[in-house]
Amino acid sequence: MKKKTSRFIILTLLLTSNLFLLSSPARAQKKDKETLKKEYKESPLYQGSWVGLEILGAGNYLLGGDFFSTEIIFQSNLKNRFLPVLEVGYGKTDATNNTNNLHYKTSAPYFRIGMDYNIFYLKPYLPGFLFGGLRFGMTSFSYDVDGPTMQDPNYGGVITVPFSYTGLKSNANWLELVLGIKVKIYKRFNMGWTVRYKLRMNAKEHPNSQPWYIPGYGKNNSNSFNLMYNLIYDLPF
Amino acid sequence: MKKIFAIILSFAATVLLISSCEEENCPPNSLAYAVFALSDQYGNSLQFTSPVSVIGQIQADVTVNDTLEDGTIQEIIKADSIINDTIINQESASEYFQLPLSYDNYTRFIIAYDETNFDTITINHQNIPYFTNLDCGTMMFYNVTDVTYTRHVLDSLTTTNPNIDNNEKENFKIYYTNFAVDE
């Protein structure tokens, strides 16, 4: 139920953020294509930077999700077209399955580096833009996993084996395909969201387990979809 | 422009739906069995013509309840008790056995061909408790370290894959010559 509520809130947030763009009065007069191309050619290489804070991961956790994650995004604007980005985040989980009493715990920072491409680079008069991009993510973490004592299902069940492993070190890296928007809200304040297709490249396993949750990636599936919602501030330099 | 954002929003809603429907893919088989393929001396698979039984055997300390004269119940540990578990009872027409190993560091299997003919296979193994994800529980995998066997009926036994997990694959091949088997 909590998950359904959170999905509803997230969807509402998304829709609200985009209404700003659709109904924005700040839409400037359109110029002809040649003028826009000329202006683009004459524009400087460096056109500013911004920082962003991802809030969907924390919101989901507060609404009862198993995973907490938040991250800070540093992004620069080159020619209003290429947007190199560095994302530094922190993810954690401390989850217990109430059915089988298995418990998994981990927390660690993660990093992503990549580049976005502004699809509307010739339309700087718009209050926002649509972009696609690519990220390479990496993390190094340790995890604990424990559960009830295992009882032999055969041979009278007289032999039991404890199940508890702590401090298992692992690392993972992955690729993300990104599609998103950035929308101006007020002066230097922006909002934005991204849809991400994540593709796991590597996740170190142990003889007794494989990591269940990877900070920055999520559940240890070979691929997954993910949504992120950012509050963004344009830096004055 | 509006069209593009409408498409993106629809895409986002779809992603939300997909992610809300995510389920864990637990393996259909959470138990690890040692798979013994039956073979003739030429490597061809074969079947027993008459029913065969397989008894698993381990040795462990067993706690039993003993009722004393005054009526109280006392727990007594019987050290090194032999525990037998009939795994296959009078079956034939199979080209392989799937037998569970124990949580001890060895498991002995007694193959009873009839009332007078037996073979014993003793497998020493390392036990590997294994976790895949929070929803699927734990499993016990094994690594075979040594195998000994009698040769009353069987001719020989080879270990084809010492890693025993929940993927049903051949781990041992038992070779027979000409006793009560069909090719």
Side-chain angles (χ1 to χ4, degrees), chain A residues 3-4 7 10-11 14-15 18 21-22 27 66 93 95-97 99-100 102-104 119-120 123 126 128 130 145-148 150-165 179-181 193 195-197 206-213 218-221 224-227, chain B residues 1-2 4-9 11-25 30-31 33 56-64 77-78 81-87 99-105 107-108 126-141 143:
Chain A
K3 279 188 179 173
K4 277 187 180 173
R7 303 272 180 219
I10 289 159
L11 197 57
L14 286 172
L15 290 167
N18 289 287
L21 182 59
L22 296 176
R27 201 177 292 184
D66 284 332
T93 185
T96 302
N97 185 317
T99 310
N100 56 25
L102 271 172
H103 172 238
Y104 182 94
I119 294 163
F120 294 159
K123 299 175 179 176
L126 289 174
L130 174 70
V145 57
D146 58 83
M150 297 174 72
Q151 186 174 25
D152 196 336
N154 301 294
Y155 307 100
V158 294
I159 300 176
T160 56
V161 176
F163 190 85
S164 179
Y165 298 91
L179 186 66
I181 60 167
W193 56 260
V195 180
R196 299 183 180 215
Y197 175 68
H206 281 266
N208 294 95
S209 65
Q210 50 183 269
W212 174 60
Y213 167 80
K219 280 188 181 178
N220 188 7
N221 299 324
S224 65
F225 274 103
N226 190 238
L227 267 176
Chain B
M1 177 83 174
K2 280 184 180 178
I4 291 170
F5 284 108
I7 291 165
I8 300 296
L9 275 176
F11 185 59
T14 311
V15 169
L16 272 175
L17 276 173
I18 290 168
S19 57
S20 65
C21 293
E22 266 184 15
E23 284 181 11
E24 296 291 353
N25 292 319
S30 62
L31 293 173
Y33 290 98
Q57 189 181 79
I58 62 165
Q59 207 167 355
D61 297 346
V62 176
T63 305
V64 294
I77 296 170
K78 298 281 188 186
S81 301
I82 301 287
I83 299 167
N84 290 321
D85 206 343
T86 303
I87 298 160
L99 307 177
L101 298 182
S102 74
Y103 284 13
D104 203 348
N105 55 13
T107 309
R108 181 171 294 132
Q126 181 192 0
N127 302 331
I128 306 165
Y130 196 76
F131 164 89
T132 48
N133 70 58
L134 215 56
D135 294 324
C136 301
T138 50
M139 294 178 276
M140 185 67 86
F141 296 158
N143 183 39

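Chain identifiers are assigned alphabetically (A, B, ...) following the order of the sequence lines, protein sequences preceding nucleic acid strands; residue numbering begins at 1 within each chain.
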Between [X] and [Y] (side chain of the first, backbone of the second, donor and acceptor by atom type, cut-off under 3.5 Å), is there such a pair?
X      : Y      : value
B/N143 : B/Q126 : no
A/Y155 : B/P100 : yes
B/N127 : B/Y103 : yes
B/D61  : B/I77  : no
A/N97  : B/L134 : yes

So what's closer than 4.5 Å to chain B heavy atoms on A/Y197: side chain, backbone, both or neither?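 Neither part.
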Below 4.5 Å from any heavy atom of chain B, which atoms of A/N100 appear? Answer side chain, backbone, both or neither.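 Side chain only.
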Counting only heavy atoms closer than 4.5 Å, note whether [X] contacts chain A via side chain, backbone, both or neither.
X      : value
B/M140 : both
B/L31  : side chain
B/T107 : side chain

Return the option, out of A/Y213, A/F163, A/Y104, with the maximum number of heavy-atom pairs under 4.5 Å with chain B. A/F163
Residues, nucleotides or ligands: over 12 heavy atoms within 6.0 Å of B/I82 CD1: yes
Most heavy-atom pairs under 4.5 angstrom with chain A, which of B/I83, B/N84, B/I87?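 The residue among B/I83, B/N84, B/I87 with the greatest pair count is B/I83.
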